[in-house]
Colleague: 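Following this message is one structure expressed as structure tokens.
Start at 1 and go down the list; that is how both ligands and their atoms are numbered.
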Amino acid sequence: MTKTKTNEDISSSISLEGSTQLDSEKTTPIDFIDKETPSSKKIDDESLKKGFNSFGFSKDLIHTLEKKGYEEPTPIQKAAIPELLLGRDLLGQAQTGTGKTAAFALPLLERINNEEHNPQVLVLTPTRELAMQVAESFKAYAVGHPNIKILALYGGSDFRSQVYSLKRGVEIVVGTPGRVMDHIRQGTLIHEGLQCLVLDEADEMLRMGFIDDIEWILEQIPNERQMVFFSATMPSEIRHLSKRFLKDPAEITIKSHKKEAKLIKQKYIIIQNSYKLEVLKRVLELSSGEGVIIFARTKAITLKLAETLEASKHNVAVLNGDVPQNLRERTVERLRQGGIDILVATDVAARGLDVERIGLVVNYDMPFDSEAYVHRIGRTGRAGRTGDAILFISPRERSYLRHLERAVGQSIEKMEIPSNQSINEHRIAKIKKDLLEKASISKENKDESDLLQIIINEVEEELELNPKELALAALNLAIGQSTLLMKTDESWINQAERYNKSGERRDSRGRNRRKNPMDIGSNDKDKERFRVDVGHRDRVKPGNIVGAIANESGLNGRMIGRIQIFEDYSLVDLPKGMPTNIFKSLKKVKVMNKELNINRFS
Ligand code: AMP
């Protein structure tokens, strides 16, 4: 890396000291709040206007950013880049989507020493997907720096070819802890020349059981170096780690993702697919009468849902990619005016939809990613109003909740499946309210009121009814053919609630309350059981095994089933049909410093 830039070098850039708290909202003015150090300076508007030019970046990098269409640095970039250019350590609390990758990648690229061909920057990520993504970002930003080589190191890909690439010389390494450890141990990753280490998504590393590995790696890094930790949340373990390894770090916190999210009450119901439709009907029963948007994954599902809801007398319309533009506009207008109450939509079709009267968003199917979730729930809580969002989630998808919570920076609460009793209470309250309203407002159309009065008088005389009997008949007429009270079989709810109850996942420290966090799906027919050679004796935790297997095999953590830990071995349920090469590489993976030596268990 080149010599640390002096203050003068970046005199036109933003200077922040101490801890800074920022707001990631692009629409709100950037609000730099001094948290701990009174000496923090306000950024003057003039320097902000200069965009990336204000950092003193090389022409090549500015050109690359222009080509990528980056006009303004994001808040985390505004705060972090000047600090990192100065070579300062940094502790950043920021979620994905805030532009944090560029916040560390751009200044580190600028500080690379082109004369040295050993690794100068090491970025650690919790998953191989993130390792690939971060390496790709570095490559994209480095197009104007053709001599800088970037390499991603992760489990599941050929070790020898990684050694070969390392030997040819790389300046920036992005990797997952297990594989990086292996390379350091084998002497194939020369770490003596490292000048900067970035820990990306530190809390996720902790959750995946990598904390010991991380500590080991951090201990190997030379003393005179820059260290940067990014984490979406700041659990005490990460604070401790930063106290131990970071030297006088700049602290930057990006305030929660979306302000509006706070106005939206978010809940989830864990439910098997077969019960979803029934649960949806029950949820709609309890909705306040404002507009509802139901998000489904495919066009076919939107149609099926709309048909079913129509049959249950709901005012519903579909918004999906097959609906022509002019009809879409009419549909949205009808929703706005109250001509329809429920819209069943796909993500793409509902993009940007802004209707104030949406009081409830139902995520009937899981969103594809957290960005889609943030967008979906943002269809309610418009114009400063409050709103509800309910997420249907299958037992298998449960672990995904954490990602969504991190994306919105707020917890998603568990909700019970509405029972007959709660629905009936709601129905009774509603009919009373409707009756009161009708009784207190006289009909505007006088002729019609007079006519209704004549009808009442005639029926009264003909059948010799008293007013109460007559009112009862009128109420029955209003209720129609269905009954006021729901009396359908609800025994299935108890069964479904079993999953929902075991979905009470975490205590305040983010740990799983269930004895075995992976204790779901153990009877899964699609899985087979494996034995691994680590157990209680090695002080292994389920998270260690999940982390190692997920990284090496590329399996999503969600796909890893039940884990039982015994004294000197553990059993793990994994999807059937594991390819031989993955199986082989898993055998050598080390957890708690011991090879897994995975074998099929029969
Ligand atoms: P990240 O939080 O690093 O995952 O980045 C989120 C997305 O924002 C990525 O697709 C980046 O390419 C993009 N991005 C980062 N910084 C900027 C910027 N200053 N202007 C526009 N897009 C950006």
Colleague: Donor-acceptor check, side chain of Gln220 to backbone of Trp216, threshold 3.5 angstrom: yes or no?
Modeller: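 Yes, the answer is positive, given that a donor and an acceptor are paired below the 3.5 Å cut-off.
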Colleague: Between Phe52 and Glu71, what is the shortest heavy-atom contact and its length?
Modeller: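 Distance-wise, the nearest heavy atoms are CD1-O, 4.0 Å.
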Colleague: Which option, Gly99, Gly51, Ala103, owns the non-hydrogen atom nearest atom 1 (P) of ligand 1?
Modeller: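 Of the listed residues, Gly99 has the closest heavy atom.
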Colleague: Taking only residues two or more places apart in sequence, or in another chain, which ones meet Glu215 in a salt bridge (Lys or Arg N to Asp or Glu O under 4.0 Å)?
Modeller: Arg244
Colleague: Going by an N to O cut-off under 4.0 Å, is there a salt bridge joining Asp200 and Lys100?
Modeller: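 Judged by the 4.0 Å cut-off on N to carboxylate O distance, Asp200 and Lys100 do form a salt bridge.
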Colleague: For Glu115, does the CD atom sit with more than 12 other heavy atoms under 6.0 Å from it, leaving out its own atoms?
Modeller: no
Colleague: Polar contacts were defined as any N/O atom of the residue lying under 3.5 Å from an N/O atom of the ligand; does this apply to Thr101 and ligand 1?
Modeller: yes
Colleague: Atoms of ligand 1 less than 4.0 Å from Glu72 heavy atoms?
Modeller: 18 (C), 19 (N), 20 (N)
Colleague: Mark up the atoms of ligand 1 that fall under 4.0 Å of a heavy atom belonging to Thr98, in ascending order.
Modeller: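 Numbered from 1, ligand 1 contributes 2 (O).
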Colleague: Can you list the residues that meet the salt bridge (Lys or Arg N to Asp or Glu O under 4.0 Å) rule with Lys139, with sequence neighbours excluded?
Modeller: Glu136
Colleague: Kindly confirm or rule out an N or O of Glu71 lying under 3.5 angstrom from an N or O of ligand 1.
Modeller: no
Colleague: Only heavy atoms of Phe52, strictly under 4.0 Å: list the atoms of ligand 1 that pass.
Modeller: 19 (N)
Colleague: Output yes when the distance from some N or O of ligand 1 to some N or O of Lys68 is under 3.5 Å, and no in every other case.
Modeller: no
